[in-house]
A.B. asks: 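Take this structure first; my questions come after.
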Amino acid sequence: MKSSAKDIKLASVDDLFKTDESRADDERERVQEIAISELHPFKDHPFKVLDDEKMMETVESVQQYGVLVPIIARPSPEGGYEIVSGHRRHRACELAGKETMPVIVRELDDDEAVLLMVDSNLQRETMLPSERASAFKMKLDAIKHQGSRVDLTSPQVGEKLSWAVNQVADEAGASKSQVQRYIRLTELIPPLLDMVDEKKIAFNPAYELSFLKPKEQEMLIETMDYEQATPSLSQAQRLKQFSQDGRLTEDSMLAIMSEEKKPVQDRVMFTSDVLRKYFPKDYTPRKMEETIIQLLEQWKQKRQMQQQQQKKHISR
């Protein structure tokens with residue numbers, strides 16, 4: 001079939017004389033100065049932007065040096081731009097009185113935007129349990145959604161979906177079990193999840209409480225307020241069992257929560273967020289634990305040698 005002459009696209013004079021370098025530059029993402037008022041938060045993003053001490057430090061840095069790393073945003077159908085990465089920098093610019101800030105505008109679909117937004121924030125040293133839980137869930141949903149868009153006749157579709165949790169875990173440097181337990185926290189009603197962030201309820205009891213129905217969780221908040229106590233792991237496990245058996249009533253919940261708790265033995269606990277800054281990013285929790293044990297063993301041997309030397313010195 002002959003091509004119509006009108007379909008032939010002729011290169012412009014400027015295109016003919018462009019170098020490979022200039023063509024590559026045209027394709028490269030550019031940093032734009034965009035008005036602060038044109039930038040809007042990512043819909044339902046789970047990361048809290050607080051006007052705390054760290055934010056004030058960021059504001060001072062912005063006032064003194066400007067924004068050193070551009071944020072990433074995508075065009076919004078409602079107008080303006082939706083921030084994908086850089087919500088704290090955007091807030092700092094607002095507080096610093098800036099009118100514009102540097103932005104890389106990128107065309108992203110919803111799943112691509114979620115993955116970029118989550119991955120850019122999971123690198124932070126400190127993160128609240130609610131933030132990590134929602135981030136893992138959003139990433140898992142995005143990966144599963146991407147997998148559902150491939151050819152449904154492919155025998156690999158089921159396999160891809162079943163490995164979604166493993167992908168989230170591997171990229172986060174966590175175990176599959178940790179990811180699943182964090183995601184489970186998203187089943188807590190907001191007041192209980194806030195108590196987990198505030199360390200009023202420990203992670204393990206919170207995981208067990210996430211299996212309670214929303215109405216039961218509301219009843220638990222009233223019971224905790226009445227008893228002026230939060231459930232231990234043992235109590236949370238029994239509340240979960242009573243709920244699954246259909247026996248969790250106000251009376252049974254009060255009976256469990258009013259029990260005198262056994263004294264907890266002295267113990268030292270570290271979260272992965274506290275330890276993460278001391279290890280390379282690719283270290284898994286298991287690798288971190290093994291390294292800590294090795295270092296403690298070396299420290300123990302060193303102390304024993306010092307004690308032996310001290311005894312020899314005293315006996316002379």
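All values reported here derive from a predicted model rather than from experimental measurement. FYI, side chains are in, hydrogens and waters are out, and symmetry mates aren't considered; it's all heavy atoms of this structure.
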A.B. asks: Over all heavy atoms of both residues, which pair between Pro231 and Ala236 is shortest? Give the atoms and the distance, please.
C.D. replies: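 Closest pair (atom of Pro231, atom of Ala236, distance): CB-N, 4.2 Å.
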A.B. asks: Starting from the C-alpha separation in whole Å, work towards a yes-or-no answer on side-chain contact (heavy atoms from CB on, under 4.5 Å) for Arg181 and Phe203.
C.D. replies: CA-CA 9 Å; Arg181 288 170 70 84; Phe203 181 89; 3.9 Å; yes
A.B. asks: I'd like to check Pro205 versus Gln235 (side-chain heavy atoms, cut-off strictly below 4.5 Å). Are they in contact?
C.D. replies: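 Heavy-atom side-chain distance check fails, nothing below 4.5 Å.
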A.B. asks: Looking only at heavy atoms, which two atoms of Ser134 and Pro46 are closest? And how far apart?
C.D. replies: CB-CB, 3.3 Å
A.B. asks: With a cutoff of under 4.5 Å between side-chain heavy atoms, which Ile, Leu, Val, Met, Phe, Trp and Tyr residues group with Tyr226?
C.D. replies: Leu254
A.B. asks: Show me the donor-acceptor pairs, under 3.5 Å and distance only, between side chains in residues 64-82 and residues at least two apart or in other chains.
C.D. replies:
residue, atom, partner, partner atom, Å
Arg74, NE, Glu82, OE1, 2.7
Arg74, NH1, Leu108, O, 3.0
Arg74, NH1, Asp109, O, 3.4
Arg74, NH1, Asp110, OD1, 3.1
Arg74, NH2, Glu82, OE1, 2.9
Arg74, NH2, Asp110, OD1, 3.0
Ser76, OG, Glu78, N, 3.4
Ser76, OG, Glu78, OE1, 3.0
Glu82, OE2, Lys43, N, 3.1

A.B. asks: About how many Å separate CG of Leu209 and CD of Gln237, when rounded to the nearest 0.5 Å?
C.D. replies: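 Answer rounded to 0.5 Å: 10.0 Å.
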A.B. asks: Mind checking who shares a hydrophobic cluster with Tyr207, ILVMFWY linked at side-chain heavy-atom distances under 4.5 Å?
C.D. replies: Phe211
A.B. asks: Following the transitive rule for hydrophobic clusters with a side-chain heavy-atom cut-off under 4.5 Å over Ile, Leu, Val, Met, Phe, Trp and Tyr, establish whether Val103 and Leu116 coincide in one cluster.
C.D. replies: no
A.B. asks: Once salt bridge (charged side-chain N to carboxylate O under 4.0 Å, His left out) is applied, do any residues pair with Lys240, and if so which ones, sequence neighbours excluded?
C.D. replies: Glu208
A.B. asks: When clusters are formed by joining ILVMFWY residues with side-chain heavy atoms under 4.5 Å apart, either directly or through shared neighbours, do Val84 and Ile143 land in the same one?
C.D. replies: yes
A.B. asks: Salt bridge (charged side-chain N to carboxylate O under 4.0 Å, His left out) with Glu171: which residues, sequence neighbours excluded?
C.D. replies: Lys139
A.B. asks: Would you please test Ile292 and Phe279 for side-chain contact (heavy atoms from CB on, under 4.5 Å) and show each step?
C.D. replies: CA-CA 10 Å; Ile292 291 171; Phe279 294 90; 3.8 Å; yes
A.B. asks: Could you walk me through whether Met195 and Leu192 pass the side-chain contact (heavy atoms from CB on, under 4.5 Å) check?
C.D. replies: CA-CA 5 Å; Met195 295 181 75; Leu192 284 180; 4.2 Å; yes
A.B. asks: Treating Ile, Leu, Val, Met, Phe, Trp and Tyr as nodes and any side-chain heavy-atom pair under 4.5 angstrom as an edge, say whether Val179 and Leu188 lie in one connected cluster.
C.D. replies: yes
A.B. asks: Please find the pair of heavy atoms, one from Phe136 and one from Val168, that lie closest to each other, and give the distance.
C.D. replies: CD2-CG1, 3.7 Å
A.B. asks: Could you state the interatomic distance from CE (Met257) to OG (Ser232), rounded to the nearest 0.5 Å?
C.D. replies: 8.0 Å
A.B. asks: In Å and rounded to the nearest 0.5 Å, what is the CG to OG1 distance from Leu95 to Thr58?
C.D. replies: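 Going from CG on Leu95 over to OG1 on Thr58, the span is 10.0 Å.
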A.B. asks: Decide whether Ile83 and Val105 are clustered together by the hydrophobic rule: side chain heavy atoms of Ile, Leu, Val, Met, Phe, Trp, Tyr closer than 4.5 Å, transitively.
C.D. replies: yes
A.B. asks: What residues form a salt bridge (charged side-chain N to carboxylate O under 4.0 Å, His left out) with Asp245, not counting sequence neighbours?
C.D. replies: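 With neighbours one apart ignored, the set is Arg247.
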A.B. asks: Keeping to residues at least two apart or across chains, list the side chain to side chain donor-acceptor pair (under 3.5 Å) pairs with something in residues 90-106.
C.D. replies: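 Output for this query lists Glu29-Arg106, Glu33-Thr100, Asp51-Arg91, Arg91-Glu94.
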A.B. asks: Please enumerate all residues that pass ring pair (Phe, Tyr, Trp, His ring centres under 6.0 Å) together with His87, with sequence neighbours excluded.
C.D. replies: His45
A.B. asks: For Glu57, check side chain to side chain donor-acceptor pair (under 3.5 Å) against everything at least two apart and list the hits.
C.D. replies: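 By the side chain to side chain donor-acceptor pair (under 3.5 Å) rule, Glu57 matches no residue at all.
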A.B. asks: Where the side chain of Asp197 meets the backbone of Leu128, is there a donor-acceptor pair that is under 3.5 Å apart?
C.D. replies: no
A.B. asks: Work out which heavy atom in Leu122 is nearest to a heavy atom in Met127; give both atom names and the distance.
C.D. replies: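 Answer, listing the atom of Leu122 first, then Met127: CA-CE, 3.6 Å.
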A.B. asks: Kindly compute the distance separating CG (Leu140) from CG (Leu115), expressed to the nearest 0.5 Å.
C.D. replies: 10.5 Å
A.B. asks: Going from CD1 on Ile201 to OG1 on Thr230, what distance comes out if it is rounded to the nearest 0.5 angstrom?
C.D. replies: 6.0 Å
A.B. asks: Just do the side-chain contact (heavy atoms from CB on, under 4.5 Å) check on Leu295 and Gln298 with the steps written out, would you?
C.D. replies: CA-CA 5 Å; Leu295 292 173; Gln298 294 173 7; 4.0 Å; yes
A.B. asks: Of all the heavy-atom pairs spanning Ala133 and Tyr182, show the shortest one and how long it is.
C.D. replies: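 Closest approach of Ala133 to Tyr182, heavy atoms only: CB-O, 3.0 Å.
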A.B. asks: For Leu50, what residues pass the side-chain contact (heavy atoms from CB on, under 4.5 Å) criterion, not counting sequence neighbours?
C.D. replies: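 Checked Leu50 against side-chain contact (heavy atoms from CB on, under 4.5 Å); matches are Lys48, Asp52.
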A.B. asks: Looking at residues at least two apart in the chain, or sitting in another chain, which of them share a salt bridge (charged side-chain N to carboxylate O under 4.0 Å, His left out) with Lys54?
C.D. replies: none
A.B. asks: In Å, rounded to the nearest 0.5 Å, how long is the span from CZ of Arg88 to SG of Cys93?
C.D. replies: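 Spacing of CZ (Arg88) from SG (Cys93) equals 12.0 Å.
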A.B. asks: Show the atom names and distances, to 0.1 Å, of all donor-acceptor pairs under 3.5 Å that link a side chain in residues 212-225 to residues at least two apart or in another chain.
C.D. replies:
residue, atom, partner, partner atom, Å
Glu216, OE1, Lys213, N, 2.9
Glu216, OE1, Ser243, OG, 2.6
Glu216, OE2, Ser243, OG, 3.3
Gln217, OE1, Ile189, N, 2.8
Gln217, NE2, Glu187, O, 3.2
Gln217, NE2, Leu212, O, 2.9
Thr223, OG1, Met219, O, 2.9

A.B. asks: Is there a path of hydrophobic side-chain contacts, each under 4.5 Å between heavy atoms, that joins Val114 and Phe47?
C.D. replies: yes
A.B. asks: If I compare all heavy atoms of Ser85 with all of Ser120, which pair ends up nearest, and what's the gap?
C.D. replies: OG-OG, 3.3 Å
A.B. asks: Are any non-hydrogen side-chain atoms of Met253 and Leu248 less than 4.5 angstrom apart?
C.D. replies: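 Result yes, sub-4.5 Å side-chain heavy-atom pair found.
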